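Everything numeric in this text was worked out from a predicted model, so none of it was measured.
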Amino acid sequence: MTTTMKPPIRETNARKPAETTTVQQWINECIELCQPNLVHVCTGSAEERKQLTDEGVRTGVFIRLNQEKRPGCYLHRSNPNDVARTEQCTFICTPSQDMAGPTNNWMEPKAAYSKLKTLFRGCMKGRTMYVIPFVMGPIGSPLAKVGIQLTDSLYVAVNMEIMTRVGHIVWKQLGDSEEFTRCLHSVGDCNPDRRYICHFPLDNTIWSFGSGYGGNALWGKKCLALRIASFLGQQQGWMAEHMLISGVSFAGEKTYVAAAFPSACGKTNFAMLIPPPIYRQAGWKVTTVGDDIAWMWVDEKTGRLRAINPEAGYFGVVPGTNEQTNPNAIACMSHDTIFTNVALLPDGDVWWEGKTAEPPAECVDWTGKPWTPKSGTKAAQPNSRFTAPMINNPALDASADDPNGVEISAIIFGGRRAKTVPLVFQAFNWMHGVYVGATVGSETTAAATGQVGVVRRDPMAMLPFIGYNIRDYLVHWFRMRKKMSDCPRIFHVNWFRKNDKGQYIWPGYGENIRVIKWIIDRCHGRAYAVETPLGWMPRRQDIDLNGLNIVDADFDEMQKVDLEAFKAEIAGQEELFLKLAGDLPKEMIFQRELLISRL
Ligand code: GTP
Ligand code: SPV
Ligand code: MN
């Protein structure tokens, strides 16, 4: 590090690591490479939040919303080319391509570093580098991990301070250890042709250039908490999954469940679910531990699976969210929230499709253009998001910050399927459940760039997030069984089945509690089911439809397993099996043969 290059460090009360530590050496190297004008070490304090948002408003990164209606809330409009994850620009960089496997883009690490160095060189000239020390997971948890993200994006810095635990606590969690994830990020010129999200699992390093979007740029989300963490988990015997964690309470009994649905397929809504009045009156309550990511390990004392949520906030889908569908999410975003790519109302409040039944007469759309209902475009971007701290959630679970996590009784897989896939079934056992999870199919959504609405295989809702070879990932899932004395029951749900008129058959949202009740009763051995080729299924009388506008015929339509359609479904699974080709774990082949023979 040459002294002439040393930019001023702005921060008075941030406790910085000593010059000689590995952390500081690495930061110095990155400063030398990127050449920022100013370095800001983040503290995560309220004063800093004010300083950063004020600066954001001054520089046009944020629009301050009506502070009476939405105290502490800001709107950010991204570059219109940068509104979702870009899987085609996402790489796993390992010495051999086999380590990344057939479902990841791969680059050789030296080549990747060299390519990205040319992009990073001098990229922060005239800009500020934010140094964001953060912890994933409750402080002191056996699985908690430290990361340090260097970024030239004020938006990213403010979002990271909501989504993760930032500040002094990081140095406490790190202690003398040199184990932290090195995260280097620059929005660069936000050119999609020069966009790279590169993961180096063997170096515990992530370099990302050219995008400011959540999953591409907020390291606490998919890059560290899933891709790097899934790799570490496989090596160390634990799991990092794209799962919500919820507590379901009734009559003094509390059961925790984890559920894996692909992006924009209902995790946040499930995690914050409010049961309908008759259930609430009877004492049913759902509380949120996490809405997107679960880190899980086997408790040596009990032999059971436990989970923590590594995040500290929500980066949730906005469209479709309202007082009826998800009141808890509405409460979360009522204050101290960053909105990304929603519409701006004349009174300084925000709007999005599905917020109100009637659209506003006029507003400014997510790109900054005047909008009316006649415009023929969406006012809010379909993947517009809110970033809110978990403490805003009225349904936050008492154990959300518990380093020991919560014990998981059920794992629920699901997808968005208009046809073929029933409302709910239970896998026969763990090994069958892993097969069910591995073959999940779901219609693509606006959360990733590309075509929306095409069915693709999304194993465990992790297709874009497994940081290593999917063969080893599936084997890891099968092997986890041996570590547990009693394992969670595994289920599959589909809230999205449609009738011939193209309408959802199942009301969804809060009413999903009726299915969850059956799931929990199954876990505790007190609900009936019949054996079918797919697994255990509830009979009509086993799911409470009381008070719903659903007739028996609707229920039958929802639960129908059309054998011909299912044969086509199995053919659709070929896509995955062909990709894995000779590498398919033996247990997968065995489970597939069992299924075919049952059908
Ligand atoms: P990511 O944050 O992308 O991982 O998504 P997520 O899985 O948390 O999805 P989220 O809960 O935000 O839901 C995405 C979309 O699905 C929203 O527009 C919801 O309104 C809609 N949705 C969620 N649950 C249901 C449901 O039970 N039924 C129906 N019909 N739609 C739902
Ligand atoms: C998802 O796409 O699954 C998300 C949003 O939860 S992002 O953090 O951008 O990945
Ligand atoms: Mn997600």
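In this structure a side-chain-to-backbone donor-acceptor pair under 3.5 Å is missing from D365 to W371. Between the side chain of H476 and the backbone N or O of I470, no donor-acceptor pair lies under 3.5 Å. A donor-acceptor pair is defined here as one N or O able to donate and one able to accept, closer than 3.5 Å; such a pair exists between the side chain of N309 and the backbone of V289. Judged purely by atom type and a 3.5 angstrom limit, N341 uses its side chain to pair as donor or acceptor with the backbone of S78. With hydrogens and angles disregarded, a donor-acceptor distance shorter than 3.5 Å links the side chain of Q559 to the backbone of V424.
Using a 3.5 Å distance cut-off with no hydrogens or angles, the side chains of Y155 and T340 do pair a donor with an acceptor. W477 and E587 share no side-chain donor-acceptor pair at under 3.5 Å. S208 and N216 form no side-chain donor-acceptor contact under 3.5 Å, judged by distance and modelled atom types alone. Side-chain atoms of N159 and R385 form no donor-acceptor pair, as typed in the model, at a separation below 3.5 Å.
Residues forming a ring-ring contact (aromatic ring centres under 6.0 Å, His included) with F478 (at least two apart in sequence, or on another chain): none. Listed by chain and residue number, T372 satisfy the side chain to side chain contact (heavy atoms under 4.5 Å, CB included) test with K374 (two or more places apart in sequence, or in another chain). Partners of E569 under the side chain to side chain contact (heavy atoms under 4.5 Å, CB included) rule, at least two apart in sequence or in another chain, are R417, T420, R457, F566, Q573.
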| message | Go through it in stages, so that I can follow the logic: the residues are K560 and E557, the test is salt bridge (Lys or Arg N to Asp or Glu O under 4.0 Å), and I'd like the CA-CA distance, side-chain angles, deciding distance and then a yes or no. | response | CA-CA 5 Å; K560 191 167 91 186; E557 193 178 352; over 6 Å; no
| message | Between K419 and D562, does the salt bridge (Lys or Arg N to Asp or Glu O under 4.0 Å) criterion hold? Intermediate values first, please. | response | CA-CA 10 Å; K419 296 262 168 292; D562 180 315; over 6 Å; no
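Taken from CG in L226 to NE2 in H199, the straight-line distance is 9.5 Å, to the nearest 0.5 Å.
In terms of heavy-atom proximity, A225 sits nearest to M136 at CB-CE, 4.0 Å.
Both the sub-6.0 Å distance and the 45° axial angle are satisfied by R416 relative to the ring of F496.
Relative ring orientation between W495 and F270 is described as tilted, the plane-to-plane angle lying within the 30° to 60° band.
Screening I589, I596, L595 for a side chain to side chain contact (heavy atoms under 4.5 Å, CB included) with R592, the sole residue that qualifies is I596.
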